[in-house]
Student: 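What follows is a structure written as structure tokens; I'll ask about it next.
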Amino acid sequence: MSQSTFFRVFGERQDMPNFVFRQKLHIFMSMAENKPVSHIYEGYYITLYANRVHIITWNVGSATPPDDITALLGLNVGDGNTDMYIIGLQEVNSMINKRLKDVLFTDQWSEVCMERLSPFGYVLVTSQRMQGLLLLVFAKYFHLPFLRGVQTETTRTGLGGYWGNKGGVSARMSVFGHTICFLNCHLPAHMENSDQRMEDFESILQQQQFEGQAATGVLDHDVVFWFGDLNFRIDDLEMQVVKSAIDNNKLSTLWEKDQLNMAKDSETVLEGFQEGPLKFPPTYKFDVGTDTYDTSGKKRKPAWTDRILWRLRATAPASTGKRGSISGLTSGTKVTQHFYRSHMEYTVSDHKPVSSIFTLQFPYKVDVPLVTLIVEDEWNSVADAIAKFRLVPNYSRSSWDWIGLYKVGFKHHKDYVGYVWAKQEEVTFTEEELPKGSGDFILGYYSNNMSTIVGVTEPFQIQLPTTDLGMSSSDSSDFSSEDDSTVVHMKMRSRSPSPHKGKHRSHRSRSHSRSHSRSSSPKQTKTKEQDVTDGSQSSTVTTEGESTGHPADGSSSQAFHSEEDDKDTAGSGV
């Protein structure tokens, strides 16, 4: 592409903010070198967006998290282009005493994932827990305004549907206007239960229904990712034959005897599901603490029990390349799988974790946040602590909406340093709502009706004189102690959430009327009907008055997953 082509496609330099120009220049260079582009924002003449999704499934066998999951998350070799992390765990310790502790505090697995991902700008969007099944969804913070209609579901299949040791947990959402569902399953064990596994999977699909006008069932979504400990085994072959094929790296000889591969030819419920080639050794069953397959008296045969599959909604003929490589609809939606591998280095369980990286490419449907926040580049005094916001015309605003002040590297929407109620379109933070020290921060607009953040700013600096500082309204000690390297790292990777707009500066006098605020944390109304549509409209009717709960303070010792019998049908699930 020549320079003239760049301006014809991306627009003239003077027509776009600096950060947009930098993004488009990066895209231009990548296209010129035929490299994959992981962030393409619509604007000017760009019409496609590529979302990079990293999915992990792991049966953790009631073990505590290992000391370091950096390699599992790919953070040691990552290029910073991953947009979302989807983590599905099975057999998380669910003994009574452990579950009670997890209800009161964050479970260990959620905590270790948040601790590891938050310094890189990933925020917990939603989570769902059903006994040993746990599903975590993370996204870059600047994508939050474009993840809408978040809902979660659970389905028990153990003991005839009465026990949650087996079954499925899911999270669905609209991503830039396209519906995606993530389904984490733990299906029945043992060689002879292949038919039961298919029956349970079909039951999960039938029972999981979401509210809203579009994508009411799992398979109604534009893209479905199905993963977990699916427990399919290798039929007919003796132990020695299987181990010999593994030792001699002749895994293809085992594929045709894999129960899931065989079921694809006969089970209609699997129609449309795709999977990459199984080029890694079977992930079950190992002696805990080793890379040695089962040496116990049972000597269970190795199998690929841990799988990641995907499916595109069959509304148009799919054009498929190599199996498990690229697939897409004529509408322009395309799924590309880059990696599909196991991680042999993790030995805390008798299963090995499996991960896969996908790129989802699709045309834009939603590219404007519901709320645009405007803030100065720096707050050097308390008088600077002012923000403005604009709403899209069809946004249904609640009197319980609030704006949170977050330190760069925050974990979830409750992890704020301070907040103000969004009563007026210009709000002011007082000394009590400001941080103790300097650093990089962002503002996030939280919608009470939609139970999610619908607008964020780019990072800006706060450098206040120490004599002007008061106590923060919530405890964010986890982040106030971050070292400078994390802050610098985050600042370099930060981007504006809006495809069209850069940072806006507001020019105004220092005399402002303070926005209406309250002494307690933001409260949610006693009665409210959640809006879960994929668009920006909200038909919620909010009744003001007595409140029954409020977002907890910024401490990370909170429970962000639901009980297995609770259904988070419209909120963020955290």
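The figures here come from the full heavy-atom set of this structure, side chains too, leaving out hydrogens, waters and symmetry mates. Remember, predicted model here, so these are calculated numbers, not experimental data.
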Student: Do other residues, nucleotides or ligands put more than 12 heavy atoms under 6.0 Å from E192 CD?
Tutor: yes
Student: Would you say the side chains of Q259 and R197 form a donor-acceptor pair under 3.5 Å?
Tutor: yes
Student: Report yes if some heavy atom in the side chain of M84 is under 4.5 Å from a heavy atom in the side chain of H54; otherwise report no.
Tutor: no
Student: So does D236 pair up with K257, basic N to acidic O under 4.0 Å?
Tutor: yes
Student: Would E275 and K264 pass as an ion pair if we require N to O under 4.0 Å?
Tutor: yes
Student: Using a strict threshold of under 4.0 Å (side-chain N to carboxylate O), is an ion pair present between R307 and D258?
Tutor: yes
Student: Return yes if a side-chain donor-acceptor contact under 3.5 Å exists between S110 and D107, otherwise no.
Tutor: yes
Student: Residues two or more places apart in sequence or in another chain: which of them pass ring-ring contact (aromatic ring centres under 6.0 Å, His included) with Y340?
Tutor: F280
Student: Tell me the salt bridge (Lys or Arg N to Asp or Glu O under 4.0 Å) pairs involving residues 341-363, sequence neighbours left out?
Tutor: K285-D350, D291-K352
Student: In terms of side-chain geometry, is the basic nitrogen of K411 or E111 positioned less than 4.0 Å from the acidic oxygen of its partner?
Tutor: yes
Student: Whether the D306 and T283 side chains hold a donor-acceptor pair (N or O, under 3.5 Å, no angle test) is what I'd like checked.
Tutor: yes
Student: Are a donor atom and an acceptor atom from the side chains of S447 and N449 found within less than 3.5 Å of each other?
Tutor: no
Student: Going by heavy atoms in the side chains, are P188 and N231 under 4.5 Å from each other?
Tutor: no
Student: Hey, are S62 and E91 close enough side-chain-wise for a donor-acceptor pair under 3.5 Å?
Tutor: no
Student: Aromatic rings H143 and F176: how do their planes relate, parallel, tilted or perpendicular, breaks at 30° and 60°?
Tutor: perpendicular
Student: Thinking salt bridges, do K299 and D294 make one under a 4.0 Å N-O criterion?
Tutor: no
Student: How about F358 and I308: do any of their side-chain heavy atoms sit closer than 4.5 Å?
Tutor: yes
Student: Flag the pair N59 / Y284 as yes when at least one side-chain heavy-atom distance between them is below 4.5 Å, and no otherwise.
Tutor: no
Student: Do T57 and Q90 have side-chain atoms, one donor and one acceptor, less than 3.5 Å apart?
Tutor: yes
Student: Kindly write out the residues that satisfy side-chain contact (heavy atoms from CB on, under 4.5 Å) with A63, not counting sequence neighbours, or none if the list is empty.
Tutor: V348
